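Treat the numbers as computed from the prediction; the structure is a model and nothing was measured. Quick note: numbers below take in every heavy atom, side chains included, and nothing from hydrogens, waters or symmetry partners.
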Amino acid sequence: MTSKSGKTGGSPEDPVPAGETGTPEREVAEIVGRLTEPGDIEGAERRRLLGRLSAALSAGAKNAKASGKGRGRWLADVFVSVAPRIPIRDLATLSEHHHGLTAEALADDLVRTAAKATMTVGAIGGALAAAEFAAPPLLLSAPAQLVAETLVVAAIEVKLLAELHEVYGVHIPGNGAQRAVAFVNAWSKQRGVDPMAPGSVTLALGAAAKTALRNRLMRTLGRHLTTLGPFLTGAVAGGTLNRAATRKLAEVVRADLRSRHELPPAKS
C-alpha cells in the first residue's frame, strides 16, 4: 500500500468526465483518491470535485437500489473499493513533505494536517447542505452531498491512520490491497493495527468486519446529517465536528502505536 512516491494502488489521475469511466464506482474511487492526495487543493477545485463525487454517488446509489442493496451495505462496498486508491506515503516521503520533521513532531503535524483537511471538507459539505436546506425543492440532493463528505472524511482518516503506522515503525505485511483492508478494519474499530495479534491483519473483510465498517460509516454519515441547517450553520458545524472526530481518532491510534514503538518526544 505504501511506496516512495506516496501512492497506493497506482496513481489516481484527474478524474475523467462522468460517463467515461465505465462505472460510477470507478469514478468515485478516482475522485476520492484525488481529494486525499498530498498537498492543498484550491477551494473551487475541491468544491468541483465534491460536486462530481455527489453526482457519481447518486448514480451508484440508484444502481444499488435497483439491485436491492441497503444504503449501509452499498456505502461499505463503495469504501472498500476506494481504499486501495488512497495515496499512502512512506516514512521518508512523509518527512520530506513535512519540512524534515520526524518522530512525534511528524505525527503531530500529520494530525494537524488531517484535522484541517476533514474540517475543510466538513465546512464545504455543510455549506452545500445548508444551501439545499435553504432551497426546499432541491433538498433531496443534500444526502448525496453528505455521503460524499462521509467517504472523503473516512478516506482522509484511513490515510492518517496508515501514515501514523509508518511514523511509529509499525509495519503491516501484505500487498497494497491487503494492507488497505487492514487499515480500513482498524478505522472501523477506531484502533491501531497490531501485527502480532491474531486476526489483526486480515486478507479480506469477514462478515463481522464488514458489519463494523458499515456501522462506522453510518455513524459518520449520521454525524454529518446534523449539519443540515440554514445559512452558515451547516458549514460551521460540519467543520467543527469533523476536526474533533479526527483528533480523537488520532489520539487513540497514537496511544496504541506508542505501546509497541515509543518515539522520541516532539521538540518544543
Side-chain angles (χ1 to χ4, degrees), residues 1-16 21 25-43 45-50 52-53 56-57 78-102 106-107 109-122 124 148-188 192-193 213 217 220 242 246 249-250 253 257:
M1 190 173 181
T2 303
S3 68
K4 290 185 178 180
S5 62
K7 306 301 182 185
T8 295
S11 177
E13 299 175 354
D14 188 47
V16 298
T21 59
E25 290 76 14
R26 180 180 171 188
E27 186 175 15
V28 165
E30 290 177 344
I31 296 173
V32 173
R34 175 74 182 91
L35 284 165
T36 54
E37 283 185 330
D40 291 331
I41 300 176
E42 292 185 0
E45 175 67 3
R46 192 183 296 273
R47 284 190 292 272
R48 183 185 74 83
L49 289 171
L50 281 170
R52 289 186 54 199
L53 180 57
L57 286 167
V78 170
F79 191 62
V80 169
S81 71
V82 165
R85 293 189 65 88
I86 299 173
I88 308 302
R89 296 164 290 183
D90 62 17
L91 183 57
T93 305
L94 284 168
S95 183
E96 179 184 350
H97 287 179
H98 289 264
H99 313 289
L101 294 175
T102 60
L106 176 56
D109 211 40
L110 284 177
V111 174
R112 281 192 294 268
T113 301
K116 179 182 176 182
T118 59
M119 180 180 69
T120 300
V121 171
I124 293 173
E149 178 186 346
T150 296
L151 282 178
V152 175
V153 167
I156 291 171
E157 290 185 345
V158 168
K159 176 183 175 69
L160 171 63
L161 187 152
E163 292 183 342
L164 285 174
H165 282 71
E166 283 291 311
V167 174
Y168 285 88
V170 178
H171 300 294
I172 310 303
N175 60 31
Q178 292 165 346
R179 298 178 75 241
V181 167
F183 291 128
V184 166
N185 193 29
W187 179 80
S188 302
V193 180
L213 173 60
L217 286 166
T220 304
N242 282 350
T246 300
L249 170 67
V253 170
L257 296 177

Worked check of side-chain contact (heavy atoms from CB on, under 4.5 Å) between L106 and L91: CA-CA 10 Å; L106 176 56; L91 183 57; 4.0 Å; yes
E163 vs V167 side-chain heavy atoms within contact, under 4.5 Å: no
Residues R34, E30: salt bridge by 4.0 Å N-O rule: no
Heavy-atom check, side chain of T220 versus side chain of W187, under 4.5 Å: yes
Non-hydrogen side-chain atoms of R46 and V121 separated by less than 4.5 Å: yes
Where A186 and G192 come nearest, the two heavy atoms and their spacing: CB-C, 4.5 Å
Residue pair F183 / H165, side-chain heavy-atom distance below 4.5 Å: yes
Between CG on residue L49 and CG on residue L35, distance to nearest 0.5 Å: 5.0 Å
Main-chain N/O of E42 paired to E45 side chain as donor or acceptor, under 3.5 Å: no
Atom pair CD1/CG of I88 and L161 - distance to nearest 0.5 Å: 9.0 Å
A92 backbone acceptor or donor facing S95 side chain under 3.5 Å: no
Min side-chain heavy-atom separation T150-F79 under 4.5 Å: no
Side-chain touch L94/H97, heavy atoms, less than 4.5 angstrom: no
Closest non-hydrogen atom pair, V152 against T36: O-CG2, 4.4 Å
Worked verdict on T113 versus K116 for side-chain contact (heavy atoms from CB on, under 4.5 Å): CA-CA 5 Å; T113 301; K116 179 182 176 182; 5.8 Å; no
Donor-acceptor under 3.5 Å (R179 side chain, I172 main chain): yes
Side-chain touch V28/L151, heavy atoms, less than 4.5 angstrom: yes
Sidechain-backbone polar pair: E166 side chain, D90 backbone, donor-acceptor under 3.5 Å: no
Closest non-hydrogen atom pair, T118 against A115: OG1-O, 3.2 Å
L57 side, atom CG; E27 side, atom CD - distance, nearest 0.5 Å: 9.5 Å
Shortest non-hydrogen separation from P38 to P87 and the atoms involved: CD-CG, 4.4 Å
side-chain contact (heavy atoms from CB on, under 4.5 Å) assessment of R89 paired with L110: CA-CA 11 Å; R89 296 164 290 183; L110 284 177; 3.9 Å; yes
Side chains of L160 and I156 in contact at under 4.5 Å (non-hydrogen atoms): no
Stepwise side-chain hydrogen bond (donor to acceptor under 3.5 Å, both in side chains) test for N185 and S188: CA-CA 5 Å; N185 193 29; S188 302; 5.0 Å; no
Exam field: side chain T246 to backbone N242, donor-acceptor pair closer than 3.5 Å: yes
